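Following: one structure in structure tokens, then a few remarks.
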Amino acid sequence: MSETQSPQPSHRVATTGDIEVATYLEIASADRVRGKPGKPAGRETQEGVAIFDFGSQYSHLIARRVREANVYCEILPHDAPREAVAHLQLRGIILSGGPNSVYEDGAPLAPAWVYSAGVPVLGICYGMQLIAHQLGGTVAAGIAREYGFAVIHKESEPTALFDGFEDPIPVWMSHGDRIEKVPQGFRSLAYSENSPIAVLANDSGIYGIQFHPEVAHTPHGSRLLRNFVLKICGCSGTWTPGNFVADTVQRIKQQVGKGKVICALSGGVDSAVAAVLIHRAVGDQLTCIFVNNGLLRREEPERVQQVFQKHLGLKLVYVDASERFLSTLKGVTDPEMKRKRIGQEFIEVFEEKATEMGEVDFLAQGTLYPDVIESKSSENKASHKIKTHHNVGGLPERMKLRLVEPLRYLFKDEVRLAGLELGLPPEVLNRQPFPGPGLAIRVIGEPTYEKLEILRQCDWIVMDEIKRDRLYDKMWQSFAVLTDTRTVGVMGDQRTYRYVVAIRAVTSEDAMTADWARIPYETLGRISSRIVNEVDQVNRVVYDVTSKPPGTIEWE
């Protein structure tokens, strides 16, 4: 059994990582019927590695480490068929960890084709136990469980997996089972105090490791994964921002042809990079549409129009649809329903504008890979859907427009690097994420006009004080949440009964995991004092000190 106990995730402060969490639109998962969906640009015939997810909390971290080696990879359900990688020049396969024991009834197994694909395979923790179990070895409950820090000792036989490593090797373990007998043709390459077989391999390029190289608690884990994808799999290591931009521009040209494209522009880096990529590919065939849905922050519509028309030279159409969005959200309190209503309303707005413009073929959006990963549900039975991102799962079942999603397989920091390559200005690149559903999911309960105005005032104060103390660029996100709770207070010797506002600020590397930001007490004190004095309907301010996991960054 693997991953039955979790470490505190490692978090690096994103010094310039101000990347928008999602665009304004909902993008359905790849298997949904959406008219005639186009192929996602930047994905076909790409050299890459497939990561099979067996329910690990850290599959996305494996992908991050592989991408850091300039190697493209995708996360797949544990039972994905061979056709799932047909678009890739497959160079290797990684089997993730997972919470099960391989010998239990119903435990997820790797497809048989994985072992006969003719490419190197690396099993991590549960993935290693799968290799042993499925190929004829023996896996049993360990005499002693092994959680946390450990050291492994290399056997005398050298392996490219450990190039550059000194003995012993510090690692992070999380398992209760161990391999008692290796399959025929395999041998042990390393051992630990509690795992006599901590690393195994055969002569066909199949490797298994009992520890987790993807977490920061394994000091040289990134080097091990780099050795695997570059030295063992033979990947070229050319997955770079420059190559991504060049390849994606060509693929957008192929996908769009002479068709017309409208792009959902929100003002953040995700949709901005998507728009600039498409504009570079098809020029005046692109029209960007910025929709004011009434769920934006103070002065947001004016700022977006100024930046994108003046600095990027994009053709921009502004639509004020505030009333219709607030109308569709009337009486809605469930977060999932908010996202779906907002997504559907956006599509209706865009299809109406497309009709007014004449013949429009494509709708472009800045969907990112973390949004896709977190929104998966039935596609991977070993994982659980966290929530429906408004841009992954909220669209109607059928759409008239075909989608162009050039960033769908990028992590957020990769989008920012692509933006730098494209020359986007700092006021776009250095913007903290803002959710596609906007303030609707930062108002707990029904997002009425009155509540949205209260939140806009509070959020403005938070941003003002965070920037004043030069903390903005040190955080992934910082914002206010208007709770649905009221509390008793005393102001001017009089009793009050007003709203509680929560402050949320996190540091993160890619929004898949996050830690609460240690904001100085002086800053928090000024934020609290200003809110209760400047916003009439609020008399209490609290600070959210929950990491992700177990919480999410947004409250809804």
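What's counted below: heavy atoms across the whole structure, side chains too, no hydrogens, waters or symmetry copies. Computed from a predicted model, the values in this text were never measured in an experiment.
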Please lay out, stage by stage, how Glu556 and Ile444 fare under the test side-chain contact (heavy atoms from CB on, under 4.5 Å).
CA-CA 8 Å; Glu556 292 192 339; Ile444 309 303; 3.7 Å; yes
Check this for me: Arg518, atom CZ, are more than 12 non-hydrogen atoms of other residues, nucleotides or ligands nearer than 6.0 Å?
yes
With side chains defined as the heavy atoms from C-beta onward, is the minimum distance between Phe228 and Leu161 less than 4.5 Å?
yes
Within the distance-only criterion (no hydrogens, no angle test), does the side chain of Lys231 pair as donor or acceptor with the backbone N or O of Ala160 below 3.5 angstrom?
no
Salt bridge (charged side-chain N to carboxylate O under 4.0 Å, His left out) assessment of Glu509 paired with Arg64
CA-CA 10 Å; Glu509 192 172 89; Arg64 287 301 312 272; 3.6 Å; yes
Walk me through it: do Phe211 and Trp172 pass the test ring-ring contact (aromatic ring centres under 6.0 Å, His included)?
CA-CA 6 Å; Phe211 55 92; Trp172 189 86; over 10 Å; no
Less than 3.5 Å apart, any donor N or O on the side chain of Gln432 or Tyr472 sitting next to an acceptor on the other?
no
Evaluate the side-chain proximity of Val199 to Tyr207: yes if any heavy-atom separation is below 4.5 Å, no if none is.
no
Under 3.5 Å, side chain of Ser528 to main-chain N/O of Leu524, donor-acceptor pair present?
no
Is the NZ or CZ atom of Arg67 both under 6.0 Å from the centre of the six-membered ring of Phe411 and within 45° of that ring's axis?
no
Given 3.5 Å as the limit, does a donor-acceptor pair link the side chain of Asn243 with the main chain of Thr238, or not?
yes
Is Leu189 close to Leu200 at the side-chain level, that is, under 4.5 Å between some pair of heavy atoms?
no
Salt-bridge present (Asp270, Arg431; N to O < 4.0 Å):
no
Which pair of heavy atoms, one from Ile131 and one from Pro183, lies closest together, and at what distance?
O-CG, 4.0 Å
Does the distance from a Lys or Arg side-chain N to an Asp or Glu carboxylate O, for Lys154 and Asp167, drop under 4.0 Å?
no
Between the side chain of Ser96 and the main-chain N/O of Phe52, is any donor-acceptor distance below 3.5 Å?
yes
Indicate yes or no for a side-chain donor-acceptor contact from Thr218 to the backbone of His212 under 3.5 Å, with no hydrogens or angles considered.
yes
Separation of Ile209 CD1 from Met173 CE (nearest 0.5 Å)
9.5 Å
Got Asp544 and Trp555 here, is their nearest side-chain heavy-atom distance under 4.5 Å?
yes
If you round to the nearest 0.5 Å, how far is CD1 of Ile553 from CD of Gln477?
5.0 Å
Pairing of Lys548 and Asp515 as salt bridge, 4.0 angstrom limit
no
Which atom names give the shortest non-hydrogen contact between Val151 and Phe149, and what distance separates them?
CG1-CZ, 3.8 Å
Would you say the side-chain atoms of Thr483 pair up with the backbone N or O of Val500, donor to acceptor, closer than 3.5 Å?
yes
Work out which heavy atom in Ser547 is nearest to a heavy atom in Ala514; give both atom names and the distance.
CB-O, 3.4 Å
I'd like to know if Arg223 and Glu214 make a salt bridge, using a cut-off of under 4.0 Å between side-chain N and carboxylate O.
no
Nearest non-hydrogen partners of Gln129 and Val139, listed with the distance:
O-CG2, 3.5 Å
Give the minimum heavy-atom separation between Gly551 and Thr546, together with the two atoms involved.
N-CG2, 3.8 Å
Under 30°, 30 to 60°, or over 60°: which ring-plane class applies to Phe54 and Tyr126, parallel, tilted or perpendicular?
tilted
Would you say Ile206 and Leu135 make side-chain contact, with heavy atoms under 4.5 Å?
yes
Testing the 3.5 Å rule here: is there a donor-acceptor pair between the side chains of Ser271 and Gln365?
no
When rounded to the nearest 0.5 angstrom, what distance separates OH in Tyr521 from OH in Tyr543?
10.5 Å
Residues Leu471, Thr523; criterion side-chain contact (heavy atoms from CB on, under 4.5 Å); working and verdict:
CA-CA 10 Å; Leu471 300 171; Thr523 307; 4.0 Å; yes
Without swapping roles, check the side chain of Asn227 against the backbone of Asp163 for a donor-acceptor pair under 3.5 Å.
yes
To the nearest 0.5 Å, tell me how far Leu225 CG sits from His220 NE2.
13.5 Å
Geometric cation-pi criterion, Arg297 with Phe434: 6.0 Å, 45°
yes
Once you round to the nearest 0.5 Å, how far does CZ of Arg178 lie from CD of Gln210?
10.5 Å
With no hydrogens and no angle check, is any side-chain donor or acceptor of Asn202 less than 3.5 Å from a backbone partner on Ser204?
yes
Hey, does Leu76 have a side-chain heavy atom less than 4.5 Å from the side chain of Ile51?
no
For the pair Ser188 (side chain) and Ile197 (backbone), establish whether a donor and an acceptor sit closer than 3.5 Å, ignoring hydrogens and angles.
no
Evaluation steps, side-chain contact (heavy atoms from CB on, under 4.5 Å), between Leu109 and His133
CA-CA 9 Å; Leu109 303 177; His133 178 70; 4.2 Å; yes
Side-chain contact, heavy-atom cut-off 4.5 Å: Val501 with Val481?
no
Separation between OH of Tyr409 and OH of Tyr72, rounded to the nearest 0.5 Å
6.0 Å
Walk me through whether Ile441 and Arg339 qualify under side-chain contact (heavy atoms from CB on, under 4.5 Å).
CA-CA 8 Å; Ile441 57 169; Arg339 293 172 180 272; 3.3 Å; yes
Could you report the tightest heavy-atom contact between Ala272 and Val428, atom names first, then the distance?
CB-CG1, 3.7 Å
Is a side-chain donor-acceptor pair under 3.5 Å present for Glu74 with His87?
yes
Under a 4.5 Å cut-off applied to non-hydrogen side-chain atoms, are Arg526 and Arg468 in contact?
yes
Taking Asp53 for its side chain and Ser56 for its backbone only, find out whether a donor-acceptor pair lies under 3.5 Å.
yes
